Amino acid sequence: MSTEFFQDLFAERIGGKEFGLKTELYKFAKIKLAKKNAKEKFPDVNLIDMGVGEPDTAANEAIVKVLCEQAGLKENRFYSDNGIIEFQEAAARYMDKVYGIKGLDPEKNIVHGIGSKPVLAMVPAMFINPGDIALMTKPGYGVLGTYTRYYGGSTYDLPLTEENDFYPDLDSIPQDVLDKAKMLYINYPNNPTGQVATKEFFEKVVKFAKDNHIMVVHDAAYAAVTFDGVKPLSIFSVEGAMDVALEIHSMSKAYNMTGWRLAFVVGNERVVKAYGTVKDNTDSGQFRAIQKAGVYALDHPELTEKICEKYSRRFALLVDALNELGFNVKKPHGTFYCYARAPKGAKGVTFNNAEEASTYLIENALISTVPWDDAGHYLRFSVTFEASEEEEQNIINEMKERLKKLELVF
Ligand SMILES: Cc1ncc(COP(=O)(O)O)c(C=O)c1O
């Protein structure tokens, strides 16, 4: 079998004639390889996986029950196209109940998505012409930036640094970039830094958008995953945000429904219509039975609160352990990520970056994290490791013992 036929047909946006020929490994492939090497070296030791970017438990059984009941019903068999009104109505109720956003019109202000990832892939089709710029926070979830480049636009990175409390410095953007920028992508609570938004931050963002005529895409994938007194916050809690922003909510993290693929977009009538137009030309909607299970979930936000209690409990254990080891971390108030400055070395070795540190932790302690070298050098520890409540403390103790032996240097 030859794969040559395709080689000079591939589009430049995915590498053109060079596509698939490079042997360079990317971050997640390197982590996978390091895990494989470590398992071979220590076949009897459990890998403690703090690198996972999704919940460790299944969706609540009541949500699953609705799916089971609905899956076989004849009326649910059709393409759902741009969605069923029941889901949009439930999303409007949810936005009111959880975020205090009143008066959304389910028909005009809300359309579902097959997860927020494909929504982020579609938004550039709504706004980006060749030469336009998308402002992207970095480190971050890059899908919107990738598609901006696919459409002939470019991205301008806004570093999220500890010095700036992991918020983008909007005042630092040069005028020539602002002139070409059409979109600002933000995501709070933030992956990977764990930072949460404040109303003041959103106010600043909305003012920036108005002053510079740049629309805001708020990726709210973790917006409901907050704890320790921090309430879920929508950008629409700010006066005037409806004029300039689009917000994308997801069922993935708030309801442990990652594989189910269900999200929804909120915005003003015109921008939601633009999303609906692109969406209609892209997919035929999520299975109605899944949307109906989604209705149940959205009407039971207390299910998210239970999930958040677990993350908060686990963070308390993890943060104490990391600080005892010499990391300097604060307990996050949202997401399931703890973003810790990477150690500079271990006994007898120096790390040049977080990727080297992360690989060393996997290969020498069987502890998996995700390295970020975009703005400083950090390791992302996720509290979605697999464990029952009773086992949590033991896992953290085990992690601590293993890391202690490495004699990390900070
Ligand atoms: C910041 C961020 N946005 C969006 C997504 C995608 O979520 P969904 O499952 O809704 O596609 C993720 C998933 O990890 C994420 O971390």
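Values in this document were obtained by computation on a predicted structure and should not be read as measured data. Counting starts at 1 for both ligands and their atoms, in listed order. Every heavy atom of this structure was used, including side-chain atoms; hydrogens, water molecules and symmetry mates were not.
Using modelled atom types, no side-chain atom of Asp280 and backbone atom of Gly276 make a donor-acceptor pair closer than 3.5 Å. Side-chain N or O atoms of His377 include none that pairs as donor or acceptor with a backbone N or O of Asp373 at under 3.5 Å. Between the His112 side chain and the Phe87 main chain, no donor and acceptor come within less than 3.5 Å of each other.
Results of the ring pair (Phe, Tyr, Trp, His ring centres under 6.0 Å) test with Phe381 over Tyr339, Tyr337, Phe327 single out Phe327 as the only residue that passes.
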What does the contact table look like for ligand 1 (nitrogen or oxygen on each side, cut-off under 3.5 Å)?
residue, atom, partner, partner atom, Å
ligand 1, 3 (N), Asp219, OD1, 3.3
ligand 1, 3 (N), Asp219, OD2, 2.6
ligand 1, 7 (O), Ser116, OG, 3.2
ligand 1, 9 (O), Ser252, OG, 2.6
ligand 1, 9 (O), Arg261, NH1, 2.9
ligand 1, 10 (O), Ser116, N, 2.8
ligand 1, 10 (O), Ser116, OG, 2.5
ligand 1, 10 (O), Ser250, OG, 2.7
ligand 1, 10 (O), Ser252, OG, 3.4
ligand 1, 11 (O), Ser116, N, 3.1
ligand 1, 11 (O), Lys117, N, 2.9
ligand 1, 11 (O), Arg261, NH2, 2.7
ligand 1, 14 (O), Lys253, NZ, 2.6
ligand 1, 16 (O), Asn191, ND2, 2.8
ligand 1, 16 (O), Tyr222, OH, 2.7

| task | Before giving the answer on side-chain hydrogen bond (donor to acceptor under 3.5 Å, both in side chains), spell out for Lys331 and Ser312 the whole-Å C-alpha distance, their side-chain angles and the decisive distance to 0.1 Å. | result | CA-CA 8 Å; Lys331 190 175 180 219; Ser312 174; 2.8 Å; yes

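Scanning both residues, Lys35 and Ser368, for their nearest heavy atoms gives CE-OG, 3.3 Å.
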